[in-house]
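Reading through the structure tokens given below for one structure.
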Amino acid sequence: MSSATDAAEAALSIQRQAPGFVPRMALVLGSGLGPLADTVEDATILSYDDLPGFPEAGVEGHAGRLVLGVLAGVPVACLQGRAHAYEAGLAAMRVPVRAMKLLGAELLYLTCAAGSLRREVEPTRLMTITDHINLMGSNPLVGPNDADFGPRFPPLLDAYDPELVRIQRAAALDLGIDLAAGVYCGWLGPSFETPAEIRMIKMIGADAVGMSTVPECILARHCGLKVSATAVITNYAVGISADPVNHAQTLAGAKAAERDFQRFILRFVQRYGQRAAATAAP
Ligand code: HPA
């Protein structure tokens, strides 16, 4: 079955289980960042297991649930948990991303844990992603193109929507959060990088590194979804500090940043909702 059929089936299945619900924004919640979905009002909770073509979200810290409801007055679909490229290939999130498009979402907001390459951007800081470098060794669009969704050769200029970066900065300012900004490097994993690899990644222009986000961004831009993304810096990348790098540290870093992260995303969603309402006014 093609991914177009899968995505359409998944969207239909979601519509059947949440009749009439149209998300404006879809949010992917990364490692340890899932608790935000618990704050969604009027929630309908669907398990990925019951959605055709949705992946198993296997890693500790990822729930594998789609939470539909209202956040700061905006109808949202929270993808609580993602499958990573190292688990299920780079196209692991193709069906969920395209299903969000079919349901009517305008924007895919990606969140992730990441290691910092800059000493001055410490663990627990939030970083708005302004661009990415794909070091994952492939691309989620490899294979026949689904022209129903987008072009063979989608451009990635301004892939992380500059206006939405501005809204992130405004949301951070409102809350007194010191938001960093930078380039995210997608690393396939599942092994962490070596110190030599981190030196290379820093040299080629990245500010943070992680094992997600890049495939979802490409899939979303291909099908015309806007993208905005925030990394939670959970650790210094290996060799940037003397601390060890491991998954427990990622989860602990995400936990420590949880309060700021939740306040920040809520504020972003609220500002996004207000901006859209203002744009729609006659
Ligand atoms: N490297 C890769 N992925 C990560 C890291 C890291 O240091 N921290 C959180 N995800």
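Order of appearance sets the numbers: ligands from 1, and atoms from 1 within every ligand. Remember, predicted model here, so these are calculated numbers, not experimental data.
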Can you name the closest pair of heavy atoms from Ile129 and Cys112 and give their distance?
->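 That closest heavy-atom pairing would be CD1-SG, 4.2 Å.
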salt_bridge(Arg94, Asp6) N-O dist < 4.0 Å =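 Not counted as a salt bridge, because no side-chain N and carboxylate O are separated by less than 4.0 Å.
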Glu122/Arg125 salt bridge by N-O under 4.0 Å criterion |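 Salt bridge between Arg125 and Glu122, a charged N being under 4.0 Å from a carboxylate O: yes.
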Table please: side-chain donor-acceptor pairs of residues 181-191 below 3.5 Å, with sequence neighbours left out.
unit_1, atom_1, unit_2, atom_2, d
Tyr184, OH, Gly210, O, 3.3
Tyr184, OH, Met211, N, 3.3
Tyr184, OH, Ser212, N, 3.0
Tyr184, OH, Ser212, O, 3.2
Trp187, NE1, Ser191, O, 3.2

Using a 4.0 angstrom limit on heavy atoms, which residues are close to ligand 1?
->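 Within 4.0 Å of ligand 1, the protein residues are Ala113, Ala114, Gly115, Phe192, Glu193, Val209, Gly210, Met211, Thr234, Asn235, Val245, Thr250.
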Could you name each residue pair satisfying side-chain hydrogen bond (donor to acceptor under 3.5 Å, both in side chains) that touches residues 129-139, not counting sequence neighbours?
->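 Every pair satisfying side-chain hydrogen bond (donor to acceptor under 3.5 Å, both in side chains) with a residue in residues 129-139: His132-Tyr160.
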With sequence neighbours left out, what residues match Arg263 under side-chain hydrogen bond (donor to acceptor under 3.5 Å, both in side chains)?
->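 Applying side-chain hydrogen bond (donor to acceptor under 3.5 Å, both in side chains) to Arg263 gives Asp260.
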